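The following block contains the structure, expressed as structure tokens.
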Amino acid sequence: MWKWLHPYANPEVSYHFTGRLLPWFSALAAILLSIGLVWALLFAPADYQQGDSFRIFYIHVPAASLSMGIYFGMAIAALCSLVWQLKLADASAAAMAPVGAVFTAIALLTGSAWGKPMWGTWWIWDARLTSELILLFLYLGVIALHSAFEDKNLAGKAAGILTLVGSINLPIIKYSVEWWNTLHQGSTVSKLGKPSMSLDMLWPFLFCFLGFAMLVAVIVCYRFRNEILARNSIRPWVRELVSARATHK
Amino acid sequence: MQFNSFSEFINMGGYGFYVWLSFGVSALLLVILLISSKADHQKIINNIAKQKQREDKLRQARELRKQQASSAQDEAEQATS
Amino acid sequence: MTIKSELTEQAETSLESSEKITMTHSQMKSLSYRDAFFLVLKRDITIALRHRDDIINPLLFFIIVVTLFPLGIGPEANTLSQIAPGIIWVAALLATLLSLDRLFKSDYNDGSLEQMLLSPHPIFLLVLAKVVAHWLITGLPLIFIAPLLAVLLHLNEQSYGALILTLLLGTPVLSLLGAVGVALTVGIKKGGVLLSLLVLPLYIPVLIFATSAIDTASIGLPYSGQLAIIAALFFGSLTLAPFAVGAALKVSTN
């Protein structure tokens, strides 16, 4: 049933396959993002409470949900690599970690830039921002562990275990932070949590979300191909490719 | 179109600084990530090429030494005969 | 006759070491799971008792960190009693972190960790024994000292029970989760700073629920809910963490 998947466990096949996918992803990302961002900035109506600062959410929300999604993807890749000993799954997890960290950072920065006019301060211990911050720590831990090992295969395995432990912990952390937040909620937090969205706000959201998702796909593909090359540097197919592409001899 | 003029668009109803800050920083981070990921490809290829060159050189040197050793042996044999 | 005995003697001396190993192997095969568990536990505790500063230093650290806070914040009893639960728990997290390093390090350096992984017993059991030993050596003394520090910080009198109970249920979680981090970093030269980056985010739920339980107790409300959640965390990590530690140790020893 899953036989058709088997060739993709071969690094060479995956390398060329992702290479073929890249232009499509890039085109989709460019189209969706330009439509979505122009729509979000120019044509979407302003929120009746928050005015035009609501437009930050067209980046913040996709970045926040993608940051969680990428961690989930890393956890799946780590599980695959632990269960089936797939080295490519390790490579894909390694490719995803920095992208996830950057998206988490974007979610944090945009959240705080939205919070400054709304809350009057750059940082508030809001449940969503706090769990994003902890997610950033988890990402940084995975990246740091990855770079601490010399041997990339070992690094992948160790980071995979950490990712799995983190993915079990992440929902617990998220809910405990939410609970903690409701417990300590002061009077300073205004009730500007989740605005109800009308349809003409939802469409640009969808475009932005899909556009960012495609952008993630593009960057992960690039990094995945880099990881494959770096891990298979002694294979003949890599050697051939290198002699064709190297800039200076 | 929600804005009547360009300056109104930049101003964003008074939230211009925050909106453009978030969009700018996000764009900057993503572009840096994209470019560095793309640039790494060529860097890795060049690294592997260098590694290959080094290995080739080592192999050549080894062969050269072997040849010299065999030629020296030949000379020694000739001298004894 | 003499030659023969001499020969066998020679063979015996030369084979002494290998024979010893096979003997211990056969012994270990006959060991029950409980025996193996207690053997590792006893060994770790004996080693720790011979290096007493390993036990005392984290404790001293705990005490000093807690005493620094009133100096930094000011001696008002009200402020101190308000932040006491957080300070004690954060200091406990840091003290545990400090003591984690010795959980696998010396065993890794002298190779006995590898021997342990090669033994026929389930790694889960041996890891659990080591973690229990670690908790007995470092977690338990914290619990004995914590009430004294709570006095220094003017903790509300009603909260002492909650403090002890949360520490009793919470510090094993810290040891278990910390063991995962140590197992991942034991093979790395400069693993200390990395360890804190890996482990501290995972400690957050324990911190939140423990301090909240102590706070709730200080108002005189029941805190059994928070305690139940910490207990759930404890049993969850008790069943899952040793597997992760075993897998991580296999990666680290390679």
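Numbers restart at 1 for each chain; the letters A, B, ... are given by sequence-line order, proteins then strands. Here the structure is a predicted model, which is why all the values come from computation and not from measurement.
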_Closest heavy-atom pair and its distance - A/Ala148, C/Ile188_ =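 What the structure gives for the nearest pair is CB-CD1, 3.6 Å.
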
*Can you tell which part of C/Thr211 gets under 4.5 Å to a heavy atom of chain A, answering side chain, backbone, both or neither?*
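Neither; nothing under 4.5 Å.
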
*Hey, what do you get for CG (C/Leu202) to CG (A/Asn169), rounding to the nearest 0.5 Å?*
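If we round to the nearest 0.5 Å, C/Leu202:CG and A/Asn169:CG are 5.0 Å apart.
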
_Most chain A-contacting option - heavy-atom pairs closer than 4.5 Å, from C/Ala241, C/Ala248, C/Pro205_ =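 Of the options given, most contacts go to C/Pro205.
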
*Counting only heavy atoms closer than 4.5 Å, note whether C/Leu184 contacts chain A via side chain, backbone, both or neither.*
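Both parts, backbone and side chain.
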
_When you compare the side chain of C/Ser212 with that of A/Trp180, does any pair of heavy atoms fall below 4.5 Å?_
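No, every pair of side-chain atoms sits at 4.5 Å or beyond.
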
_More than 12 heavy atoms from other groups under 6.0 Å of CG on C/Asp110_ =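 More than 12 heavy atoms, drawn from other residues, nucleotides or ligands, come within 6.0 Å of this atom.
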
*Might you point out which heavy atoms bring C/Val251 and A/Ala158 nearest each other, and give the distance in Å?*
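Nearest pair, atom of C/Val251 first, then A/Ala158: CG1-N, 4.0 Å.
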
*Counting only heavy atoms not in A/Tyr175, do more than 12 sit closer than 6.0 Å to its OH atom?*
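At most 12 heavy atoms, drawn from other residues, nucleotides or ligands, come within 6.0 Å of this atom.
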
_What part of C/Leu200 gets within 4.5 angstrom of chain A, counting heavy atoms only: side chain, backbone, both, or neither?_
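It is neither, since no heavy atom gets under 4.5 Å.
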
*When rounded to the nearest 0.5 angstrom, what distance separates CD1 in C/Ile204 from CG in A/Leu133?*
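Going from the CD1 atom of C/Ile204 to the CG atom of A/Leu133 covers 8.0 Å.
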
*asked:* Take a 6.0 Å sphere around CD of C/Gln158 and say whether it holds more than 12 heavy atoms from other residues, nucleotides or ligands.
replied: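 More than 12 heavy atoms, drawn from other residues, nucleotides or ligands, come within 6.0 Å of this atom.
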
*For A/Ala144 and C/Leu194, which heavy atoms make the closest approach, and how far apart are they?*
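Closest approach of A/Ala144 to C/Leu194: CB-CD1, 3.3 Å.
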
*Taking atom CZ of A/Phe72 as the centre, does the number of heavy atoms from other residues, nucleotides or ligands within less than 6.0 Å exceed 12?*
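Atom CZ in A/Phe72 is not packed in, count stays at 12 or less.
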
*Count the heavy atoms belonging to other residues, nucleotides or ligands that lie under 6.0 Å from NZ of A/Lys87, then report whether that count exceeds 12.*
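At most 12 heavy atoms, drawn from other residues, nucleotides or ligands, come within 6.0 Å of this atom.
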
*Please report the closest heavy-atom contact between C/Pro201 and A/Ile173, naming both atoms and the distance.*
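For C/Pro201 and A/Ile173, the tightest heavy-atom pair comes out as O-CD1, 3.5 Å.
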
*Take atom CD of A/Glu12 as the centre, draw a 6.0 Å sphere, and report whether it contains more than 12 heavy atoms from other residues, nucleotides or ligands.*
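Atom CD in A/Glu12 is packed in, count exceeds 12.
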
*Pick one of side chain, backbone, both or neither for C/Ile229, based on which atoms fall under 4.5 Å of a heavy atom in chain A.*
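Neither part, no heavy atoms under 4.5 Å.
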
*Where is the tightest heavy-atom contact between A/Leu140 and C/Leu197, given as atom of each residue plus distance?*
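So the minimum-distance heavy-atom pair works out to O-CD2, 3.9 Å.
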
*Within a radius of less than 6.0 Å around CD1 of A/Ile234, do more than 12 heavy atoms belonging to other residues, nucleotides or ligands occur?*
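Counting neighbours around CD1 of A/Ile234, 12 or fewer heavy atoms of other residues, nucleotides or ligands fall under 6.0 Å, so no.
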
*Could you tell me the separation between the CG atom of C/Leu198 and the CZ atom of A/Phe137, rounded to the nearest 0.5 Å?*
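The distance works out to 13.0 Å.
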
